[in-house]
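All remarks here apply to the structure that follows.
All of these numbers come straight from a predicted model, not from anything done at the bench. Both counts, for ligands and for their atoms, begin at 1 and track the order of listing.
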Amino acid sequence: MKTTCPYCGVGCGVAATVDEAGSVTIAGDPDHPANFGRLCSKGAALGETLDPDGRLLRPWVDGRPADWDNALDLVAARFADTIAEHGPDSVAFYVSGQFLTEDYYVANKLMKGFIGSANIDTNSRLCMASTVAGHRRAFGTDTVPGCYADLEQADLVVLVGSNLAWCHPVLYQRLAAARAARPEMRLVVIDPRRTATADAADLHLAIRPDGDAALFNGLLVHLADTDALDRAYLAAHTEGLDEALAAARGLDVAGLAAATGLDAGPIARFFALFRDTRRVVTVFSQGVNQSTGGTDKVNAILNCHLATGRIGRPGMGPFSVTGQPNAMGGREVGGLANQLAAHMDLADPADRERVRRFWNAPCMPEAGGLKAVDLFQAMADGRVKAVWIMCTNPVDSLPDADRVAAALDACPFVVVSDAMADTDTTRHADVLLPAAGWSEKDGTVTNSERRISRQRAFRAAPGEARPDWWALVEVARRMGFGDAFPYRNAAEIFREHAALSAIDNHGARDFDIGGLAGLSDPAYDALEPVQWPARTAAEAALPDRRFFADGRFYTASGRGRLVPVIPPTARPAAADSFVLNTGRVRDHWHTLTRTGLSPRLSAHLAEPFAEIHPADARRIGAAEAGLLRIESDRGAILVRALVTDRVPSGSVFVPMHWTDRFASAARVDAVIPPATDPHSGQPGSKSATVRVTPYAAAWYGFAVLADRPRAVDAAYWALARAHNGWKLELADAAPVSNWAAWIRTLIGIADSDPAVQVLAYRDAKAGIHRVAAFRDDRLIGALFVGPDPVAVSRTWAAERLGDGPAEPRQRYAILAGRAGGDQPDPGAIVCSCFAVGVNRIVAAIAGQGCASVNEIGAATNAGTNCGSCRAEIQRIVDHARSRDTGIEKAG
Ligand code: SF4
């Protein structure tokens, strides 16, 4: 069965095969034009995430099991009563870029057309709202002009705020393959961190956080002053150059250096590369969007492409890549609080009337609704009294996350639809509705190059889980809107969505998929990936469509608009403060509800961490692998210290993924203030001011456990899946007097259980304790404790959980925490696909003379499947080479 990956906005095609026993095999779809058969580590491990363990299997009301009818009756009645008493703006939906387009369409129609409020917003607000706002300012519409092939056809690719190698790995692999075929291609990476992507760049500009708008303003001035503007294109097709240039000239050379934190040399090199290369693609992502100046950053980039006429042609253009699988689909149906359906404008009376007529809607809001951060504030202060949260986890993902949890507690009626039973958000629900997940639900998603692909159901949903669109339709019917919500399947919804996009269009709007409005149910089932616009069936069949090559835009004048951008003033940092940068890791995605189920994906980076520069670590007295407390006036987290010069001094980087289900205190959004971009409402998630202090642990520990512990009595813990069990990192400032009793409590075994044998080793003077517990000679738990971060082979120890009955010699090896001489220790996992650890790679370099990523692949298989780890393997090879030769890699 062909379907689409549910993770990032690359939108890779997946071929899923289910055998008679129900096991699922996953492969890349060789025919899908996004990935041509490739998958990254996350996509390749999708089969490991289908475990029914932890799923929400039935509705719950007030903490008690309920049936669907009762739960839906209650939801409809409470929403109707609240609207009757307090008006339509007293209720809200908060939805998701993981929604399918059909879910999104129904939710938006119900809220905007029938409830009569625009209070529907989405976690895509946190992903790409600034791109939407920037596109609309420049183009008049939210249009991604190009396609993925442009990255392969360009002679220069500029990545701004994008760790493409980890966050959009298959797109990165396409770029890497193009560079291998055409070595003259150049790659510039603009990112405060030296990421895996930056390692591969010809030029890495380690820019000051939020210095991007100043840099691209400087580029615009440089292009003008070196006579590199496309004056003919500017005159024929754009407006606003003079104003944009005047704003950009606000910084002189010294000001540009101060705003960007970059030396004049690298800036000049970048400017010259951009100026002298016709085929340039500028890819931008969360480092641009997740900023309180994100919209201006977007427009500063678009200005440079408009000013050079490099847009909408092969190998040229600005290119936004979305983090989510269907952020684009949400934009198409108008799933943001300030949008209308089908890229129409909520503020335009003609658009409102057109949609009202099409829906036969009784009411339409005339103004935008509450954007995500404001929406939760409105719950806290009592303006919003009923909310339905679908397919997202705002208690972890919104800034000021502790206040988000409090807002949910303050809201009189909270409905949560989710596939998982226990998330940090479901814990606050009055009504829980079980949602069908990936592999169980049917619909479409749109990827970053405007390509619509089918997600197909190939397994039955467990328990009573149902698609989200179905639950929305059932509530709409109960609220008296049944005639407008007659849908029996996803195909019917898609046809209506497609028909709406074409109404009165005639080329007036970018988003038009009218050519798909007549699809039969079987044709919808069989729909091949199709890129919009698809105004006719014939157009739908065309490959690689681009916008704006003809110089016609969707602004009132029909011209592309250069927007004046005033960059933010660089804030002087207080001596004891740090800038908190956040982001993703290679093998995890969002809040771990899916990737956290996979042992393979949990092998690469298994606990929350903060990257900190060695000079800063020395200054604050932080030790490598110690713990750091990171706090702001909003909250605090406790994470592992990863001392590395990959982050600039004065900054720390913390991943966004860890939640209260997987760690004691690592919800990074608890630390981030709710400041937003004034145009887009997108939070600035990458530049909070924080204090960082070392945590004085009395002991550190590591445990492997056959079962997930119910509770962990430690100030710091972080839990990760392992094959046959769990891995647990531990630390606390308070000493423990009896470790054997402690692990019994952790595992949940009674003192009197005769089937359990406990083996212990203790060096009280050194503070070292090791305990292993066996049931029927099989390891069920082992604990390693010491005064410093424990040097135990995590991979090897976790693998012992699956072993057969342990001989006495093996039991003592477990207590020792390392392999005996006859058992290799792979070390920390680098290649998730083949479980190849760093020790094996180093051995291949030292023992077998491997000198390249390909040679390592031939010797160990590492990097030969999904390729996500190739950048890290290259780093290990470079490190070994520099150690041998004393030469550091330049750049
Ligand atoms: S790059 Fe990876 S996560 Fe993104 S869609 Fe493709 S397989 Fe999925």
Side-chain angles (χ1 to χ4, degrees), residues 2-16 24-50 97-100 124 127-128 147-148 151-152 159 162-177 195-197 283 285-286 319-329 437-439 444-456 529 583-598 600-602 604-605 655-657 831-833 863 865-872:
K2 289 190 174 182
T3 184
T4 310
C5 176
Y7 295 125
C8 82
V10 179
C12 295
V14 171
V24 177
T25 305
I26 296 292
D29 175 1
D31 302 322
H32 197 290
N35 57 316
F36 299 106
R38 298 176 177 94
L39 290 177
C40 76
S41 52
K42 295 183 284 289
L46 273 166
E48 291 179 23
T49 66
L50 303 176
Q98 291 83 69
F99 250 11
L100 302 184
S124 297
C127 172
M128 37 47 21
C147 49
Y148 293 159
L151 275 73
E152 297 163 323
L159 296 176
S162 165
N163 184 5
L164 205 72
W166 278 23
C167 302
H168 299 91
V170 166
L171 193 54
Y172 176 77
Q173 287 169 40
R174 286 182 62 166
L175 173 61
T195 61
T197 313
V283 177
S285 189
Q286 310 311 357
F319 199 100
S320 141
V321 282
T322 64
Q324 299 177 298
N326 201 28
M328 291 283 278
W438 183 82
S439 78
T444 54
V445 290
T446 307
N447 72 4
S448 298
E449 61 166 353
R450 310 183 320 276
R451 200 176 296 280
I452 298 168
S453 300
R454 290 275 281 111
Q455 256 194 34
R456 295 184 172 90
R584 298 177 179 195
V585 301
R586 192 192 77 190
D587 286 356
H588 278 311
W589 199 75
H590 280 198
T591 59
L592 299 178
T593 51
R594 181 178 288 281
T595 54
L597 300 172
S598 163
R600 188 154 43 128
L601 296 179
S602 301
H604 180 236
L605 289 167
M656 61 182 271
H657 308 290
C831 169
S832 303
C833 295
N865 185 35
C866 77
S868 300
C869 60
R870 291 176 68 86
E872 280 166 280

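A donor-acceptor pair under 3.5 Å is formed between the side chain of His657 and the backbone N or O of His590.
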Could you list the donor-acceptor pairs under 3.5 angstrom formed by side chains in residues 167-175, with sequence neighbours left out?
unit_1 : atom_1 : unit_2 : atom_2 : d
His168 : NE2    : Thr322 : O      : 2.8
Gln173 : NE2    : Cys866 : O      : 2.6
Arg174 : NE     : Glu152 : OE2    : 2.9
Arg174 : NH1    : Pro33  : O      : 3.0
Arg174 : NH1    : Ala34  : O      : 2.9
Arg174 : NH2    : Glu152 : OE1    : 3.0

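Taking CH2 from Trp438 and CZ from Arg456, the interatomic distance works out to 12.5 Å, rounded to the nearest 0.5 Å.
In this structure, the salt bridge (Lys or Arg N to Asp or Glu O under 4.0 Å) partners of Arg451, at least two apart in sequence or on a different chain, are Glu449, Asp544. The salt bridge (Lys or Arg N to Asp or Glu O under 4.0 Å) test applied to Asp587 returns no partner, not counting sequence neighbours.
With a 4.5 Å cut-off on side-chain heavy atoms, Pro325 and Trp589 count as touching.
The set of protein atoms (N, O or S) found at less than 2.8 Å from atom 6 (Fe) of ligand 1 reads Cys12 SG, by chain and number.
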